[in-house]
A.B. asks: 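Okay, here's the structure, questions in a sec.
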Amino acid sequence: MTMLLASDTLLYVFVKDSTDNDLSFSQKMAQADIDEGLYSRQLYVIDHDAMRRMGKADVLIAGMRGLGVEIAKNVILAGVRSVTIQDDGVVEWRDLSSQFYLKEADLGQNRALCSEKQLSSLNVYVRVSAWTKKLDEDFLSKFQVVVLTNSPLEEQLRVGAFCHSNNIKFIVADTRGLCGQLFCDFGESFEVRDTNGETPVSAMIGHISKDNPGIVTCTDEESHEFTDGMFVNFSGIQGMTELNSYGPIEIKVRDIYSFSICNTSNFSEYVKGGVATEVKQTEILSFKPLNVALDEAIRDPELVEMTDYGKIQRNLSLHLAFQALHRFTQKYSRVPHPRSQADAEVLVTITKELCTDAKFDELDEDAVRQLSLVASGDLAPVNAFIGGLAAQEVVKACSGKFTPLRQWLYFDALECLPQENDEVLSEDACAPVSYNRYDGQIAVFGSAFQDKLKKQSYFLVGAGAIGCELLKNFALIGLGAGEGGNITVTDMDSIERSNLNRQFLFHSKDIGRLKSEVAAESVKEMNPYMNITAHQNRVCPETEEVYTHSFYSNLDGVAAALDNVDARVYLDQCCVRNKKSMLEGGTLGSKGHTLVVVPHLTESYGPSTSGGQKAIPICTLKNFPHRIEHTLQWARDQFEGLFKQAAENVNNFLSDPTFVDRTVARGDVEAVEILEGVYRSLGEEWPQNWADSVSWARRQWETLYNNPIKQLLHCFPPDQVTSSGLPFWMGAKRCPHPLTFDTNDTTHMDFIVAAGNLYGQIYGITGSRNRADIQSILQGVKVPEFTLKSSVKIAVTDQELKEENEERKEEDKVKLEILKEKLSKLKLKDQSFRMQPQEFEKDDDSNFHMDYIVAASNLRAENYDIPTADRHKSKLIAGRIIPAIATTTAAIAGLMCLELYKLVQGHQKITSYRNAYINLATQYFVLSQPCVAPTFTVSDEATLQTQNNKMYWLYFILVFYCPMKQKKNSFSPTHFNTEKIFCHFVTFSHLES
């Protein structure tokens, strides 16, 4: 296999000279294009077309301090063609506060050159180079996107004017202590191909009226998700077929089940069927150049994006204050000294002058003073947040995907500063310390706080994408990096190639190693003083003997970087039980959230209120699918049943003498199904060679895509009507048709190749991808003739299925006795024989797993005239993949660590804490105050008897929360958060009443 890298793109081509025909069609398409193995999770955020456009973009990032390297890291991981990093300055001690690729040995050397090697290792498809000279126009003209970080205003204006006039996308990013600034100018005419990145909305049609306008009514099974102004295409409509080829039609929503479209009065009568699918519309946006936007932001507040709606006026004040900072720096050749009240008053005076010129009379003077006091600081969490946002804007500029920032964004976390009752910080406390890597942070919080950070003991659960970003921030801020401090990180997973696109602490050489170990090693390189311990345990009831009350008692806090709700709920319970604060964050593509839990102050994560994915009714899966999600779930169920559960059942039967009795105890219906499968697997369906496996796959094809469909149509013919006189096949019930096997049909052969190989694997038989040989075998396969059965009843609802199973009880009992006798007489020649169950693995393209899922699902979709799904979409749905991109992960980890600052200081005012929800695709930010921890009254004289009657519920909860599984632990009331207990107590009380 040869990999060819094109010089002008991130794409690659696999060459397999003589064996191309051995690959499934979906594999060929994947391999001839983008490296889906690396970019798999990001491709569900940024589609293939957008990735191709990014692969043609050359990006310049100027300034390699903490903010610049954060942006560069995220952009390189995203996969542009090239990134050039520019900096003409040298490494200083304060740079180590936030620049994770600089070391003490680099002091005095050029920042860009010192960062180049490590940034280059992040992505083999991105060319990374360093530039140490000034930015001139000849150099700037080589790029499609230019990013300036921590640059003087004069340079911003000069470069911005050149970029605007030459159609180069221009971004300015800046951080000053606890404050940040972002600006975008994408030119006079910028095309956005997809404004939000959401999957196009679709709905099944129940009826369309002949009217002006025509009214489309959706099926009763589900409400639509359309909004006014959307455009939709129609497909699969019977009767009013004119709409199928009409093209995108603008809609107007009437209610959650209907919407209006164009004039349909001259169209044919609607009969049945059809799907309406959203068509994404492009938008053309116009941006103002920096010199214009700088002045107009005050007059047109819509140019300034909100990040915290509790600070609306502060954003405009910061807009002027950042300009004032540039004037201050130009006049005094320095930034304001840390905590200098004199410098703060000077900055306020300069800002007031700007207010006069801008005719702005709502200046937040306190915010300006606070900015001055922290402006010399350089904080990793702020750089992570602004860097994540800025990198996402680079992605938008390169790809045309998502809505860009228009045009200013200001962010501050000034609530992180010490609260009113805390010790007031002085200039001396925040002054630079000789040879101190934390100078950028000391300038904001003082040296005493730095000492406190070093002594912290924290427990990080999860070393995936967010975990890597948190560990990077922990290393930079010095969390647990002193005497008595420690970070314990646990993650039971090993590194896979798909992780490398966003979990930047890992590299190709680490694939197969444990995440927690590699992550710990990586952050030790960033900060050699880190005290970090790596575990490989799941945090769950089974490990409570490891993570005991004593373990939690020695912690200062917990950070959750988990990928599922159940794990979060359990960890939250542990924190409540042990009265420990918890930082929690998660991402879903461009969306992300953070939650801070402070004992006795804020609401905890709490029990899961979500049931996860909505279960698909069994009858829908068996006989009445109408969405590709249904056929993919059906295919996944087929995979599990045929290639995993059947083999596991056989192995249990062969090794456990009690297996049959235990199976019978599960109920007659299930027992018959399981034991029949065991008997067939060890009898008539046991393949002796590769040809037998292919024969089985061919017969299986018939039993899935032909015979049952014929039987279904025999029971419910296409013209079947209900007792109400309505067509049976209407709405969500799509009338199917049987398929006829054809060796010239690619999907048919994809199924045979995958199914045959998988069936062979569970019996230890070596298969083949050679389609010519497989077709030769197929010529000799005899497919049993199928006979329709009039006695067969097919359940239409799950309730009918349940009733049908009840009616079969006596019949199943007889079957069960016969099966038990047959199995008792089975004799194997090789008593050591065991089958090899297949554990579904979506990311290995060589194991036939996704080949089977894609083919099996699309064939069933063809049965029911459901639009098929390519391998990429099928993997997302069947593999239950969580879309992810490094930009969102970095931003969320930054916000979490800002809350960490507050926790370490011991803030007790809930107004200083923030929970966050962000969507980088649409620049949507909600930073809100957490909910107050609930309180309860227990109890007054009048209700005492009632409460006594319910005390057994309280006893139940105490037992539930008590870590009794730790055999050596004795019960202690100090293990419990009484607020949490009584919250559940009230819940159970309601249940009882």
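Counting begins at 1 with the first residue of the sequence. As the structure is a prediction and not an experimental result, all values here were calculated from the model.
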A.B. asks: Tell me if a side-chain donor or acceptor on Q441 pairs with a main-chain N or O of I477 at a distance below 3.5 Å.
C.D. replies: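 Side chain of Q441 to backbone of I477: a pair is present.
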A.B. asks: Evaluate the criterion side-chain contact (heavy atoms from CB on, under 4.5 Å) for residue pair D88 and T132; output intermediate values, then yes/no.
C.D. replies: CA-CA 5 Å; D88 58 1; T132 60; 5.5 Å; no
A.B. asks: Report the C-alpha distance between L294 and Q156 in whole Å, list the side-chain angles of each, state the deciding distance to 0.1 Å, and finish with yes or no for side-chain contact (heavy atoms from CB on, under 4.5 Å).
C.D. replies: CA-CA 11 Å; L294 202 62; Q156 294 174 12; over 6 Å; no
A.B. asks: Answer with yes or no whether the side chains of T594 and E899 bring together a donor and an acceptor at under 3.5 Å.
C.D. replies: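 Side chains of E899 and T594: no pair found under 3.5 Å.
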A.B. asks: Taking the basic N atoms (NZ, or NE/NH1/NH2) and the acidic carboxylate oxygens, is any pair closer than 4.0 Å for K472 and E70?
C.D. replies: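 Yes, K472 and E70 are salt-bridged.
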A.B. asks: Can you find a side-chain donor-acceptor pair between D378 and S97 that sits under 3.5 Å?
C.D. replies: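 Judged by distance alone, the side chains do not pair up.
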A.B. asks: Do the non-hydrogen side-chain atoms of I171 and F186 ever get within less than 4.5 Å of each other?
C.D. replies: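 In contact.
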A.B. asks: Parallel, tilted or perpendicular: which one describes the rings of F190 and F287, with boundaries at 30° and 60°?
C.D. replies: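 Aromatic pair F190/F287 classed perpendicular.
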A.B. asks: Under a 4.0 Å N-O cut-off, is there an ion pair linking E305 with R406?
C.D. replies: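 Result for this pair is no, no salt bridge flagged.
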A.B. asks: Between W131 and F139, what is the ring plane arrangement, given parallel below 30°, perpendicular above 60°, and tilted in between?
C.D. replies: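 Ring orientation, 0 to 90° scale: parallel.
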A.B. asks: With sequence neighbours left out, write down each residue that passes salt bridge (Lys or Arg N to Asp or Glu O under 4.0 Å) with E353, or none if nothing qualifies.
C.D. replies: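 Residues passing salt bridge (Lys or Arg N to Asp or Glu O under 4.0 Å) with E353: none at all.
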A.B. asks: Checking salt bridge (Lys or Arg N to Asp or Glu O under 4.0 Å) between R314 and each of D412, D366, D308, which is the one that passes?
C.D. replies: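 Only one of D412, D366, D308 forms a salt bridge (Lys or Arg N to Asp or Glu O under 4.0 Å) with R314, namely D412.
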A.B. asks: Work out which heavy atom in R334 is nearest to a heavy atom in P336; give both atom names and the distance.
C.D. replies: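 Heavy atoms only, the tightest pair is NH1-CA, 3.8 Å.
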A.B. asks: Hey, what's the ring geometry for F183 with F170, parallel, tilted or perpendicular (30° and 60° as the breaks)?
C.D. replies: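 Perpendicular, since the angle between the ring planes exceeds 60°.
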A.B. asks: Between L320 and C355, what is the shortest heavy-atom contact and its length?
C.D. replies: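 Nearest pair, atom of L320 first, then C355: CD1-SG, 3.5 Å.
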A.B. asks: If we count only N and O atoms by modelled type, under 3.5 Å, do the side chains of D185 and H164 hold a donor and an acceptor together?
C.D. replies: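 There is such a pair between these side chains.
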A.B. asks: Looking at D47 and K401, is any side-chain nitrogen of the basic one under 4.0 Å from a carboxylate oxygen of the acidic one?
C.D. replies: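 Answer for the salt bridge query: yes.
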A.B. asks: For the side chain to side chain donor-acceptor pair (under 3.5 Å) test, which of Q392, Q42, R502 pairs with T887?
C.D. replies: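 Only match with T887 under side chain to side chain donor-acceptor pair (under 3.5 Å): Q392.
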A.B. asks: To the closest 0.5 Å, what do you measure between OG1 (T403) and CD (E283)?
C.D. replies: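 That separation rounds to 6.5 Å.
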A.B. asks: Pick out which of R65, R111, K133, K134 makes a salt bridge (Lys or Arg N to Asp or Glu O under 4.0 Å) with D87.
C.D. replies: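 Exactly one pass, corresponding to R111.
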A.B. asks: Find out whether Y39 and N123 are in side-chain contact, i.e. whether some heavy atom of one side chain is under 4.5 Å from a heavy atom of the other.
C.D. replies: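 In contact.
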A.B. asks: Ignoring hydrogens and angles, state whether a donor on the side chain of E154 or H326 is under 3.5 Å from an acceptor on the partner side chain.
C.D. replies: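 No donor-acceptor contact under 3.5 Å links the two side chains.
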A.B. asks: For a side-chain contact (heavy atoms from CB on, under 4.5 Å) with V147, tell me which candidate from I85, V83, V394 qualifies.
C.D. replies: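 For V147, the side-chain contact (heavy atoms from CB on, under 4.5 Å) test succeeds with only one of I85, V83, V394, which is V394.
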A.B. asks: Assess, by modelled atom type and distance only, whether the side chains of E393 and Q923 contain a donor and an acceptor separated by less than 3.5 Å.
C.D. replies: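 There is such a pair between these side chains.
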A.B. asks: Please report the closest heavy-atom contact between L102 and L96, naming both atoms and the distance.
C.D. replies: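 Taking every non-hydrogen atom into account, O-CD2, 3.5 Å.
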A.B. asks: Rounded at 0.5 Å granularity, tell me how far CD1 in I71 sits from CD1 in I76.
C.D. replies: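 I71 CD1 to I76 CD1: 11.5 Å, rounded to 0.5 Å.
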A.B. asks: As an exercise, state the distance from CZ of R158 to CD of E137, rounded to the nearest 0.5 Å.
C.D. replies: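 R158 atom CZ to E137 atom CD measures 7.5 Å (nearest 0.5 Å).
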A.B. asks: So, K288 and D300, do they make that salt bridge, N to O below 4.0 Å?
C.D. replies: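 The answer is no: the pair does not qualify as a salt bridge.
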A.B. asks: Of all heavy-atom pairs between M64 and V69, which one has the smallest distance, and what is that distance?
C.D. replies: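 That would be CE-N, 3.9 Å.
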A.B. asks: Using a distance-only test with no angle check, is there a side-chain donor-acceptor pair under 3.5 angstrom linking S590 and T888?
C.D. replies: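 Distance-only check fails for S590 and T888.
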A.B. asks: I'd like to know if the side chain of D58 pairs up with that of S82 as donor and acceptor (distance under 3.5 Å, no hydrogens or angles considered).
C.D. replies: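 Yes, S82 and D58 have a side-chain donor paired with an acceptor closer than 3.5 Å.
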A.B. asks: Between the main-chain N or O of V368 and the side-chain N or O of S372, is there a donor-acceptor pair closer than 3.5 Å?
C.D. replies: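 Side chain of S372 to backbone of V368, a donor-acceptor pair under 3.5 Å: no, none is there.
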A.B. asks: Is a side-chain donor-acceptor pair under 3.5 Å present for N383 with T175?
C.D. replies: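 Distance-only check passes for T175 and N383.
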